[in-house]
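Numbered from 1 within each chain, the chains take letters A, B, ... in sequence-line order.
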Amino acid sequence: MTVRTEWDHKWSMVVDIDRCTGCQACVVACQAENNVPINTEDIFKQSRAIEWIRIERYWEGEFPDVKARYLPAMCQHCGNAPCEPVCPVYATYHNDEGLNVQVYNRCIGTRFCANNCPFEMRFFNWWQPVWPESLRNQLNPDVTVRNRGIMEKCTFCVQRIRRAERTAIQEERDVKDGEFAPACVQACPTGTLVFGNSNDPNSRVAQLMKSDHPRRYRLLEHLGTEPNVVYLKKVDPYLKEEAHNGSH
Amino acid sequence: MDLTRRRFLQLSGVGALGAIVFNGCSIPETELEIQSPVLIPEDVVAGGESWYASLCRQCPSVEGVLVRVVEGRAKKVEGNPEYPLNLGKHSARCEAALQELYHPDRLQQPFRRDGATGQNKPITWDEGLNELVTRLKALRDAGQASRVLVITDPLRGHLGKVTQLFAAAYGAQHLAFEPMERVVLRQAIKDVYGQDRLPHFDIGNSAYVLSFGADFLGTWVSPVSHSVAYGEFRQGEGRGRGLLVQVEPRFSMTAASADRWLPVRPGTEGLLALALAREIIAEGLADPDAARALTDGRGIAALDAYGLERVADDTGLTTYFGKERAVQLIQEVAHDFATKRPSLALGGDTAAAHTNGLFNLRAIYALNYLVGSVGAKGGVIFNPPSPIDDVPDTASGAPLSRWQEVAERLQRGEFDVVITRGVNLVHGLPGALQFQEALKKADLIVSFASVPDDTTAIADLVLSEHVALEAWGDDIPDPAPGYQTVGFQQPVVRPLYDSRAFGDVLLAIAPEIGDDLGAALPWNTMQDVVKEGAQRLFALNRGWAKATAPFDAFWVRVLGGGGWWDTTAISAQKAPGASKAPAEPVRPSFAGDASSDAFYLLPFRSHALLEGRNAHLPWLQASPDPTTTGVWQTWVEINQKEAERLEIREGDLVELVSPAGAIEVIVYPTPAAAPDVLSVPMGQGHASYGRYAKKRGANPFQVIAPQKDETGALAWAATRVVIRKTEKRTRMIKLEGLVEARQMEESPVIQVTRGEEGS
Amino acid sequence: MQDRRTLTDIQVNETLTNTVLKTPLLWYVILAFMGGIVMLGVVAVGLLVNMGQGLNGYNRPVMWAFFLTNMVFWIGISHAGVMLSAILRLAQAEFRRPATRAAEVLTVFALATAGLMPIVHLGRLWRAYWIFPYDFSRGIWPDVRSQAVWDPHAISTYLIGSSLFIFVALIPDLAVLRDRTTGIVHSIYTMLAMGWRGTVRQWRLQAIAGIILSALLLPVFVSVHSIVSWDFSMLVGVPSWHTTIFAPYFVIGAVHSGVAGVITVLVLMRWLFGWHDYIRREHIDSLARLLFVVALAWFFFFMLEFMFGLYHQEGTEMVVRELWLFHAPWNAIFVIFILTAFVIPVPLWLFRSVRRSFPLMFFTTILVNVGMWLERFLLIIPGLERKHPFTFSWGEYAPSIFEITIITATFALVATMILLFARAFPLIPLGDAKEARVLRDEIRIGRRTVQAVLREE
Amino acid sequence: MASEEVARDVLQRTFVKGGRYWQAVAVLAVVFLLGVVGFILKLGDERAQWGYFAATFSYLFTVAQTAPVVSVALRLAKNHWRRPLARASELFAVVGLFNLLFFIPLLILLPSIEGRNTIWILGVWPSRFYTPHIFDTLALVGLVVLGLLFLWTAAVPDFAAAREQRGGRGRYAFLALGWQGTARQWRIQRALLGLLGGLYFMDVLTTHFLISSDFSMALVPGWVDSIYPTFHALTGLQAAVAVTIVTMFLLRTVGGYREYLPMESFWGLSKILLAMSLMWFYFWWSAFITFWYGRLPVEQNIIQLIMFGPYRPFFIIGFLFCCIFAVGLLIWNPLRKSPAAMAAIAAMILVGGFFDRMRLYVASWSLADTTEHELTKVPAAIWPQVPDLLVIAGGLAGAVLVYMLATRVVPVMSIWEMKELRLYQVPRQLVRRRMLSLGKPE
Ligand SMILES: Nc1nc2c(c(=O)[nH]1)N[C@H]1C(S)=C(S)[C@@H](COP(=O)(O)OP(=O)(O)OC[C@H]3O[C@@H](n4cnc5c(=O)[nH]c(N)nc54)[C@H](O)[C@@H]3O)O[C@H]1N2
Ligand SMILES: Nc1nc2c(c(=O)[nH]1)N[C@H]1C(S)=C(S)[C@@H](COP(=O)(O)OP(=O)(O)OC[C@H]3O[C@@H](n4cnc5c(=O)[nH]c(N)nc54)[C@H](O)[C@@H]3O)O[C@H]1N2
Ligand code: SF4
Ligand code: SF4
Ligand code: SF4
Ligand code: SF4
Ligand code: SF4
C-alpha cells in the first residue's frame, strides 16, 4: 500500500543567489518547522550544529575589495543520490516525487550516507535531543522528534507537501503552484528560494530552472548526482573577469 | 499486498539476481516493494491546524504574522501574506516569538523582591496590584504624582494611547526607551523633508540605492520590508538589476550584499554625500532647482569645502584604494547615482550615531532632491498620517540627554516610583550613566516582564506580563508602506501562566487610583480599546476590509486579515525642497584615546538579538551572524592584517578599553574590516535574562562613551578604544568550519557572473 | 645456521600442552590485567549506548573516525592467519609450522574484534541486526547495494571459515588433550576430538580438509579486506578515498601488519611459555623475509596511492595531501607512520642478525603495527576533514577518552581471548611439530652439509 | 645425464642450428621488412592513427621486457625448478633493444602537457621535452641495459664453458670475462645477480608505471586510476610467464631440449600463471567497481571508452583470454601438468594480452584533446588500417627474430645451473616412499 498520488509531481527548488542577503530567516524557519534540536553553545563547540538549511559564507578578495558570497545550502534531493545506495537498511531512499526521503525509524546510525553526501547536508543526532519541558510545546506534531543515533536532513518539508496533497485530494483537484511552500521558502524575505512542481512546465520553479536560463547551474554538477535544487548565479557587475564560470 | 505465486517467483528471481549482480545503477524493482511497508511518519498527516493573524513584536518594525495553532498550542509563526509591510515574509527573529511564549524561565506569576534578602517571593496579582495602587494613590493624594516615572518601550497604537492617557491623567512622567533610538533620523527627515512620520523607501522600484551606514537589510528600520523590496530590486521580473552601493565603515550584512562597499572613516558619511552632490551638480546631472537651492544659487563654489580629492582623503578612501582610484570611485558613484534613475539615497545607523550625526543625515537625504527622487516612485515616498487621529503613530526612544537628566534626578531622589515595561535600562544605557545605581534610589521599582532581565532583577515588584501571542493590541506602522495601515494583534493562545497584559493592568488600576483616571480610561480591557479603534476604522468606510454588514463582520475581517489598510490613502504632503548645504563640514569628535593605537569602536545590532532584547531566545542565540557566522558569544571583528600586526589570533580574549569602561571579547580576524575599525555585536552581556542569555558575552554599552549629537541623541559610534591583550584563549564559536571559508579556485561552489546576459 | 634440537614425540606433547595442563603464574597476572582493561571498554560502550555517540569525538564532517580506523586495523591483523596458514600450506613452506595455529587464532580473535568496531560505532547499535536479512515477513530487506551490507556478510563468512579452519587443524591435538585429562574436562575434549584415533585415513582426510579450506578461504581473505576498502573507495563523497587502488592496497597492507602481528605474538609466546625449541630463529627469519617482500609491495602501493592523489591536481585531493605533509598533527602522524611502518623496520630486516633476533623482531614488528594503525588513521580522517569544495564545512577531529578507552580495550580483548584460548588448546600444532621433525633432512656436498627437506617426488 | 654431458650437449645445440631454424629466420626477416614498409606508410598520420603502433610497443614491452623478471623472481625465491627455464626468460632482454626502435616515434608523438592537469613538470628546453620524455627514456633505456647486464652476468659461466669448448679464444673469450670459477668469482656473480635482478625488477615496475601513465592514462582527460599501473605491470608479469611457457614448450618440442625441461618446471610456472590470472580479475575489478559504483560521469565515460564502448570486442577478448578462460582452464591440475596444454593456454593469454593492449592504447591515443578537464564524450573506435597490420606483424616478427638470433650466441639452457640442480636434488627413501631431498643452501 504505497502512498500513491494520482499525479506526477517532482518537487524542486530554485535558489537565486543574487537575491540572498544571508539573513538567516530560512534557517530559523526550518528549525521551528522541523523540530530541529536547539544548537547550544556546546553543540557548536563540538561542530555538531544541525541546520538543515544553512547559509555558507565565502570570502572573496581582500580588504577593501572584499566580498562575502552567500550560499543557502540544503539537501539537494539528488536524482542520483550518493547517500542512498550506501544505506544498508533503506533508511534513505528516493521516492516517486523526486524527494530523497529519510526514514528515521529505519536508520541505525552508520553515518555512511553522511560520508557519501558530497554536499555535507546530512546531520547526525549525536545526543538525545532535549528541550526544556515548556519549550516542547512548540514542537510541530507533524514532524517526528528524532532520537539519538540517527541521521536527519532537509526533507523539503515533506509534511507540508503531504498536507497540501491531501487537501488537494479532498478537494478533488491538483496542488496549485504556490499553494504551499516549505518553511524556508515561505520565510525567505528576498524571494531567493522558490519551490514547486518542476514537472508542471507552467510552475514558477520550472520556469526558473529551465536549462536555457543564463544563470542556471547546479552544485558540483560534475559529480553527476543530478541535484534537484537549481542555483542561479550571483551577479557581480564589478567582477574583474568572468571567472568561476566553468561547470566544474 | 497479496503474495501470489507468480509474484513470489518474480521477487525471488529479482532478489537472487540482485544479490549476484550489484544492481547499483537503477532502482531495482524490489525497492518499490521495500518502500511500501516503510511508511515514514511524515507520510501520515494527522490533526487539524488553525492559523491566526496577529502582529510580531520581536523588533520595533512590528509586522503582520500568521500563527499556526494546533491543539491550543502555538506551533509556528510566519509572515502574513496580506500584511503590506512584510507581504508574507519574516525575519529570523519573528519565529522565536514561540520561544518567548514557551520560555522555560518565564515569569509564571508576580513576585515581590525583598530588598533586604534579595529573595523573590511569589505573590498574587491582587497583592501586587494592591501595593502598586496604594503607593500610586498615596503619592497622588500627596500631590507628588510627578515623582512617578513610567518607562516603556516606544509604544504606537492604542497601547501607546492608553499609556499616555494614564501617565497624563495621573500626572506621571512617561518616557520611552530604545537603546538605539531614531531621534537623529526623525530630526533629519523632519529637517530635510518636513515629515513627522518616517517615509517609505521605495527600494523595490529603485534602480540604484546608495546607502550610508544604514544596515537596512539587517536591522535598520524595517528590514523585512526592505528585504522583500531588495529581492525585487535585484532580480524582479520585468526590470533591470538594481545596483546597491553601501557607504559604511563596517562590513554589515547590507555591505556584504552591496555591489560596492565604500568603507569610509566613521563620521565622514555626510562629507562624502556632499562631495557626491558637488560632483553631480558639477557634471550638470542634478535637478536644477534642487542644485540651486542646495548651493544657495552660488553654483558649486558653495560646495568648495567638499572637493573630490579632499573628501577622498578625509573619508580615508585614499588610504584604502589609493588616491586615483578613490577619486574615480567617488566620481563613478556620483555619476551612477545621478544617471541610473530612479535612484535613492538613505542613511542611518552609524552615519547617524556620531556627534555630527544630524549633519551627516541631512546631507545624505538632501541627495534625493538632486535626482528628483523625493516623493517619487523608486525614491522616498512620504507616509500619510494615521487614520485614527489620537493614537501615537510615531514613537521613538528619548535621546541620551533625557536619560542623563533622568539619571541625575533619580540620583537626587526626585522619583519615588519607577514603572518599567518592555525595557532593559540597565543593559541598554551606556554604562557611564550608572543608571542601575540611580534606579536603586527610587523607593519602588515596578517591572512588567515576561522573562526577567537585568532591570527586572533590581525591581521590587515584578509583574508577570503576557507575551505578544497572548495579548491584544494594534499598531500604526512607522514607517508605513506609503499608505494608511493599521495592524491588529490578537491573542492566539490562552495565556499559559498567571500573567496579564500591561494595558489591561493600567486600565484595571486606573479607576482604583482615582475616579478621574477611571474617566480618562473608560475601557475595561485592551480588547475593548482595540475594538473601539476598529470601530473608528469601520466608520471610515474604506480600505480593504470595508464592510457594509454590521461592525462584527468588519471586526472578523480585520482580525482574520491581520489589519486594515487602504492603498489609496497616500500622503498629500509636499516636500519643502532642498535647503542650503552647510558651507563648512561638521566634523565628528570621538571620545577616548586619539593615538594611532586606538581603533574606532563600531558596535552593531546583532541581526538576531538586536541590542539584546532577543538574547533570551535560543534559536536567535544560535543563529549565525551573517558575516562572521558567530553565535552565542561576543566577539570583536578586526582586520586580519591588523590582527597579525598585533599578534592576536582568532579565539584570543582581548579587552577593549575606552574612557567609559572595558569589555572582554573574543578576537575574530576578518578580511572584511577596515584597519582602524573594530566592530562588536550587541546583544550579550546580560546579568540575568533567562538561562540562555545569562552571563554570556559582553555588553558594548559598557564601553560606549556618552557622546551626543546636537539632538541630544546617543552618538554610539563616537568612541575610540584600545586593545588590551589578555593571556586567555577560547574558541570562537561559529558555524563556519575550522578553516577560513574561501572557495577553491577550480571548483567554486558559488558561481558568479558579470551578468551581461541581461539577467 | 639452524639451531634445532632433536626432540622426541613425548617431549613435544609435554611442552606444547603445558599451556593447557600447567599454566604459568604469569598467565593469570596478564589475564587479570587485560581483563580489567576489557571491562573498562565494556563500561565505555555501555555509556555510549546510554548517552549517544556524542561522547565520542565525531562531528560534522568527520562522521567516521577511531572505531572504523580500528576496524580496518584489526581486519588487517586478521589477514595474517590465512595468509600464513593457507598460502604457506599450499606452498609447502616449512617455516610456517610453528606459526600457523597462533596466526589462525589471531585471525579469529582479531576478526571478531574488528567486527565489534562498526557495531560500537553505530548510532543505534541495538539495531545492528537490521543489516542482516532476518525478517522475511515484513519484506524489509537490507539494501544489497550498500557496502555496509557486504561488510558484515564478508566478515562473518571469514570468521566462520577461519574458525572451522582452526578446528580442523586442532582435532589431533584435542585428542592428545583428551588422553591427558580426566573428569568433565576430559569429556569435553572427547566430544571435541570427534573420535580421533590418528589412523592413516583420518590423517589423510584431515590434510585434505586443510587444503580444501585453505583454497576456499583464500578468496574470502582477499575479498574481506577488499570489501572493507570499498567502504571508502567507492564513496564519491570523499574524493581522497575515491581511488581504484584501495582494494589491493588494503589487502597488502593487511598482510604487512598481519604478518608483523604474528611475529609479535610468536615472540611473546616463546617468552611466555618457554617454547624455545619450537619457535626458532630460522622461523622468524623466514617470516621476516616474507615480511620484507610484503613491505616493499605495500610501500609501492602506498606510493601509487600518494602519487595519484596528486596526479590530477584536484584541489580536493591536494588539500588532503597538504594536510598530511604540512599541517599538525597530521604531518607528525605522517612522519611517524612512514618511519615506523617502513623506514625503520624494513631496512633493518635486510640484516640477518636482525631477522634472527627475537627482541629486535619483536620491536620492529610492534613498530610496523603502530605505523599501520596510523596509516589507516591517515587514510580515513583527513579525507573527511577536507571532504569537498564546501570549504565552509571543513573541520577537524580529535578522539575522546571514550574512543581511546574502547580502542585500548580491543587490544586487551584480543590478548585476553588468546590467553584464554591458550588455556584450553595448544598454541602450536603438535602434529605439525612432529611432521616437521620427520621431514627434516641433510645433504652432503663436498665438505658442506646443507639442510634439506623431504618432498614427494 | 652427467654434468659434463650437459655442457657439451647444450653448447652443441647453440652453435649448430638446423635448416628449420634458418627458414624461420628468413620468414621472420621478410615479415619484419614488411613492417618497416608499413611504418613508412604511416609517416605523416595524426597522433590518433598511431594507437596500434603504441599498442605494439607496449605489448613488446609487456611481454619481452618483463619476461626476465620470471627468472629474477624465481631466483630470489630459490625455487629448485626454476633452473631449467631461467635462461629462456632472461634471454628476452635482448628484445628490449629492438623495442627501443618503437619508442622513438612515440616520444615525438606525445602531446605537450601544457594546459593539462598532471603532476608532471614542464621541461625547460626545448619546450616539447618534459618529464615524461626524460624519465620514460631513462627508465626504458635503463631497463634494456640492466636486462643485458643481467643476462650477461647469468651467462658468464656458460660463456666460459663455450670458451673452453672453442679453445679459449674468440668472442666467448671476451664474453666470459676471464671466468675461472673461483669461489670468489662465484660469490661476485651471485651478488651481482641479486643486485641486477633486484634493480631490474624495480625498473620493470617503474617503467610499467611510467609507460602506462604517460603513454595511455595521461592521454585520457579525467582518467585517474591509481591501480592502473599495477594492473599494467601485472598483465606484464602474466605475459612474461606465458611467453616463458611458450618458449619452453617450443624449446622442448622443436628445440630438442626435452630432457632438460621437466614437467615440474611447467607445473611450477602454471601455478604462478593461475595466480596471475586471478589477480588480473582482481585488479581489473578493483578499478571497475570503484568507477562503476561511484557513478561519476567522467568515470562512466572512461568505462565506456576502455571497456564497454567502442573497444568492447577487444576488451571482451582480452578479458576472456587473460582472465576467464585462463582461470577456468588453469584450475585443473592435469592441464597444469601438461606442457602442451600449458603452452596452448599461455599462447591464448598472449593473444588476449595483445587485444588488451590494443583496447587501452588505441583508445588513449585516439583522443584528440588532452587538455580537457574531463572526458565528456566517448569518441568512436579506430580500426586498424593495412599499414597498422603490417606494423604489428613486423614488430612481433622482429622481436621473435631478435630472440632467435640471440640463441645462436647465448646457450638457451643455463649450463651451470643444470649442474647445480644435479647437486642439490637427492633421492631418498622415507619408510616405504620414494622422496626427494631438496637442499636449501643458505
Ligand atoms: N495517538 C493517540 N491518539 C489518542 C490517544 C493517545 O494516547 N494517542 N488517546 C485517546 C484518548 S484517551 C483521548 S481522551 C482522545 C482525546 O482526543 P481529543 O478529544 O481530540 O483531545 P485533544 O486533542 O487533546 O483536544 C481536542 C481539541 O479541543 C481544543 N480545546 C481545548 N480547550 C478547549 C475548550 O475549552 N473548548 C473547546 N471547544 N475546545 C477546546 C483543543 O485545542 C483541541 O483542538 O484521544 C485518543 N486518541
Ligand atoms: N500530559 C498529558 N496528560 C494527560 C493527557 C494528555 O493529553 N496529556 N490526557 C489525559 C487523558 S484524556 C487520559 S485518558 C489519561 C490517560 O493516561 P494513562 O491511562 O496513564 O494512559 P497512557 O499514558 O496511555 O498509559 C497507559 C499504560 O498502559 C500500558 N498498556 C498499554 N496496553 C496495555 C495493556 O494491554 N495492559 C496493561 N496492563 N497495560 C497496558 C502502557 O504501556 C502505559 O504504560 O491521561 C490524561 N493525562
Ligand atoms: S544532497 Fe546529500 S543528502 Fe541530499 S540527496 Fe544529495 S547526497 Fe543525499
Ligand atoms: S546513518 Fe542511517 S540513513 Fe545513513 S546510511 Fe546509516 S542507516 Fe542509513
Ligand atoms: S525545505 Fe523544509 S526541511 Fe528543507 S531546508 Fe527548507 S524548511 Fe528545512
Ligand atoms: S531567508 Fe532568503 S535571503 Fe535570507 S538567508 Fe535565507 S535564502 Fe538568504
Ligand atoms: S522584522 Fe522580524 S522581528 Fe521585526 S517585526 Fe518583522 S518579522 Fe517581526
Side-chain angles (χ1 to χ4, degrees), chain A residues 1-3 16-19 21-22 24-25 28-29 31-33 38-39 41 44-45 49 57-59 62-64 66 68-69 71 85 90 101 103 106 132 134-135 137-138 140-142 144 158-159 162-163 166 186-187 189-191 214-215 217 219 233-239 242 244 248, chain B residues 24 34-36 38 40-43 45 47 70 73 75-76 78 89-92 95 98 102 104 217 224 227-228 230-231 234-235 241 253 256-257 259-260 263 320-321 618-619 622-623 626-627 629 631-632 639 671-672 731 733 735 741-743 747-755 757 759:
Chain A
M1 34 143 227
T2 318
V3 177
D16 184 347
I17 313 184
D18 196 31
R19 290 175 179 238
T21 62
Q24 310 283 337
V28 183
Q31 304 200 309
E33 170 71 15
I38 295 172
N39 290 319
E41 184 174 2
F44 267 107
K45 267 193 190 143
R57 187 271 299 119
Y58 292 92
W59 293 122
E62 294 297 340
F63 180 85
V66 63
R69 304 266 190 236
L71 182 82
Y90 276 111
V101 190
V103 189
R106 280 295 284 167
S134 62
L135 278 178
N137 279 315
Q138 179 272 326
N140 184 353
D142 293 350
T144 311
V158 62
Q159 69 280 7
R162 290 287 177 263
R163 198 176 273 278
R166 194 188 55 162
Q186 184 281 322
T190 57
R215 293 193 290 126
Y217 81 101
L219 295 183
K233 291 178 194 173
K234 174 79 192 161
V235 179
D236 182 350
Y238 299 118
L239 199 64
E242 194 74 359
H244 298 349
H248 187 70
Chain B
I34 289 151
Q35 178 184 339
S36 59
V38 188
I40 67 166
E42 282 78 353
D43 280 352
V45 183
V70 180
R73 291 283 176 265
K75 297 292 183 187
K76 183 86 172 45
E78 294 188 349
K89 300 306 184 179
H90 59 266
S91 66
E95 303 267 358
L98 294 176
Y102 301 123
L217 294 173
V224 170
S227 297
V228 173
Y230 172 82
R234 282 307 197 199
Q235 294 292 343
R241 182 178 184 274
M253 205 176 132
S257 294
D259 299 291
R260 251 210 215 301
Y320 307 145
F321 294 96
W619 278 338
S623 173
T627 53
T629 78
V631 285
W632 290 100
N639 180 287
R731 180 153 147 212
I733 303 180
L735 180 67
R742 283 181 181 268
Q743 304 202 67
S747 36
V749 291
I750 299 179
Q751 295 188 14
V752 186
T753 164
R754 243 191 253 148
E757 308 98 318
S759 51

Side chains of Arg241(B) and Pro237(A): does their closest heavy-atom pair fall under 4.5 Å? yes
Any idea which heavy atoms bring Asn39(A) and Ala622(B) closest together, and the distance? O-CB, 3.3 Å
Under 4.5 Å heavy-atom distance to chain A, tell me which part of Thr627(B) shows up: side chain, backbone, both or neither. both
Between Phe63(A) and Pro263(B), is any pair of side-chain heavy atoms under 4.5 Å apart? yes
Considering only heavy atoms and a distance below 4.5 Å, find which of Ala49(A), Pro132(A), Gly22(A), Pro64(A) pairs most often with chain B. Pro64(A)
Contacting region of Tyr320(B) [heavy-atom separation from chain A under 4.5 Å]: both
With a 4.5 Å cut-off on heavy-atom pairs, point out which of Glu62(A), Arg19(A), Arg69(A) contacts chain B the most. Arg19(A)
Closest non-hydrogen atoms of Lys89(B) and Ala187(A), given as atom of the first, atom of the second and distance, are CD-O, 3.5 Å
Where Arg754(B) and Leu239(A) come nearest, the two heavy atoms and their spacing: NE-O, 3.0 Å
Pair count under 4.5 Å, heavy atoms only, with chain A: among Ser91(B), Ser257(B), Ala92(B), highest is Ala92(B)
Heavy-atom proximity to chain B below 4.5 Å, by part of Ile38(A): side chain
Determine whether Asn140(A) and Lys76(B) satisfy the following criterion, side-chain contact (heavy atoms from CB on, under 4.5 Å), listing intermediate values before the conclusion. CA-CA 8 Å; Asn140(A) 184 353; Lys76(B) 183 86 172 45; over 6 Å; no
At a heavy-atom separation under 4.5 Å, does Arg731(B) approach chain A through its side chain, its backbone, both, or neither? side chain
Tyr238(A) and Asp259(B): which non-hydrogen atoms are nearest, and at how many Å? CD1-O, 3.4 Å
Between the side chains of Gln235(B) and Asp18(A), does any donor sit under 3.5 Å from an acceptor? yes
For Leu135(A) against Pro618(B), the heavy-atom pair lying closest together: CD1-CG, 4.4 Å
Between Ile750(B) and Ile17(A), is a side-chain contact (heavy atoms from CB on, under 4.5 Å) present by the stated rule, with each step listed? CA-CA 8 Å; Ile750(B) 299 179; Ile17(A) 313 184; 4.0 Å; yes
Report which part of Asn137(A) has an atom under 4.5 Å of a heavy atom belonging to chain B: side chain, backbone, both, or neither. both
Chain B contact via Leu219(A) - side chain, backbone, both or neither, heavy atoms under 4.5 Å: side chain
Separation between CE (Met253(B)) and CZ (Arg57(A)), nearest 0.5 Å, reads 13.5 Å
Does some side-chain heavy atom of Lys75(B) sit less than 4.5 Å from a side-chain heavy atom of Asp142(A)? no
What part of Val749(B) gets within 4.5 angstrom of chain A, counting heavy atoms only: side chain, backbone, both, or neither? both
State, with a plain yes or no, whether a side-chain heavy atom of Gln186(A) is found less than 4.5 Å away from one of His90(B). yes
Is chain A contacted by the side chain of Leu735(B), its backbone, both, or neither, given a heavy-atom distance below 4.5 Å? both
To the nearest 0.5 angstrom, please state how far the CZ atom of Arg215(A) sits from the OG1 atom of Thr753(B). 8.5 Å
Under the side chain to side chain donor-acceptor pair (under 3.5 Å) rule, collect the residues that match up with Tyr217(A), sequence neighbours excluded. none
